[in-house]
Amino acid sequence: MGNKVAAACEDCIYYDYDEEYGDYVCTQSLDEDELALVCRDGTKSCPYFKFYDEYKSVQKQN
């Protein structure tokens with residue numbers, strides 16, 4: 001069994017600012033079961049979690 005790195009929604013590529021709500025939100029459309037897993041277990045159970053590495057995107061621009 002492999003170890004998963006603990007992370008927060010703030011570290012996810014799908015976590016973005018929504019001007020309508022005036023706050024950061026998950027831009028993925030989670031169904032009830034997926035949302036329940038994320039609320040219970042955090043991002044380790046999120047099927048859409050992708051770590052956002054801003055340095056990686058900067059390297060592609062060079």
Side-chain angles (χ1 to χ4, degrees):
M1 185 189 306
N3 291 336
K4 285 192 173 184
V5 176
C9 290
E10 292 84 5
D11 297 328
C12 183
I13 196 167
Y14 299 115
Y15 192 72
D16 202 10
Y17 188 77
D18 185 317
E19 290 189 22
E20 185 176 327
Y21 291 115
D23 205 354
Y24 284 87
V25 297
C26 179
T27 58
Q28 282 295 319
S29 182
L30 301 175
D31 68 20
E32 263 184 65
D33 294 331
E34 293 166 339
L35 183 58
L37 281 174
V38 173
C39 289
R40 187 186 74 213
D41 298 335
T43 56
K44 68 181 180 182
S45 295
C46 181
Y48 301 106
F49 181 84
K50 287 187 181 176
F51 184 74
Y52 175 66
D53 185 1
E54 64 183 279
Y55 296 110
K56 195 172 193 175
S57 63
V58 170
Q59 289 173 351
K60 289 182 181 180
Q61 294 175 0
N62 292 332

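In what follows, every heavy atom counts, from backbone to side chain, and hydrogens, waters and symmetry copies are set aside.
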Worksheet entry | More than 12 heavy atoms of other groups within 6.0 Å of Glu10 CD | yes
Worksheet item: Using links of under 4.5 Å between side-chain heavy atoms of ILVMFWY residues, direct or through other members, which residues join Leu37 in one cluster?
Response: none
Discussion item. Check this for me: Tyr24, atom OH, are more than 12 non-hydrogen atoms of other residues, nucleotides or ligands nearer than 6.0 Å?
Written reply: no
Discussion item. Does Tyr17, at its OH atom, have more than 12 non-hydrogen atoms belonging to other residues, nucleotides or ligands within less than 6.0 Å?
Written reply: yes
Worksheet item: So, does Asp18 use its side chain to make a donor-acceptor pair with the main chain of Tyr21 at under 3.5 Å?
Response: yes
Worksheet item: Between Asp11 and Phe49, is any pair of side-chain heavy atoms under 4.5 Å apart?
Response: yes
Worksheet item: Can you tell me how far SG of Cys12 sits from CZ of Phe51, rounded to the nearest 0.5 angstrom?
Response: 10.0 Å
Discussion item. Suppose we screen for side chain to side chain donor-acceptor pair (under 3.5 Å). Which residues come up paired with Asp31, at least two apart in sequence or across chains?
Written reply: none
Response to the item:
side chain to side chain contact (heavy atoms under 4.5 Å, CB included) filter on Tyr48, not counting sequence neighbours, yields Tyr14, Gln28, Leu30, Glu34, Cys46
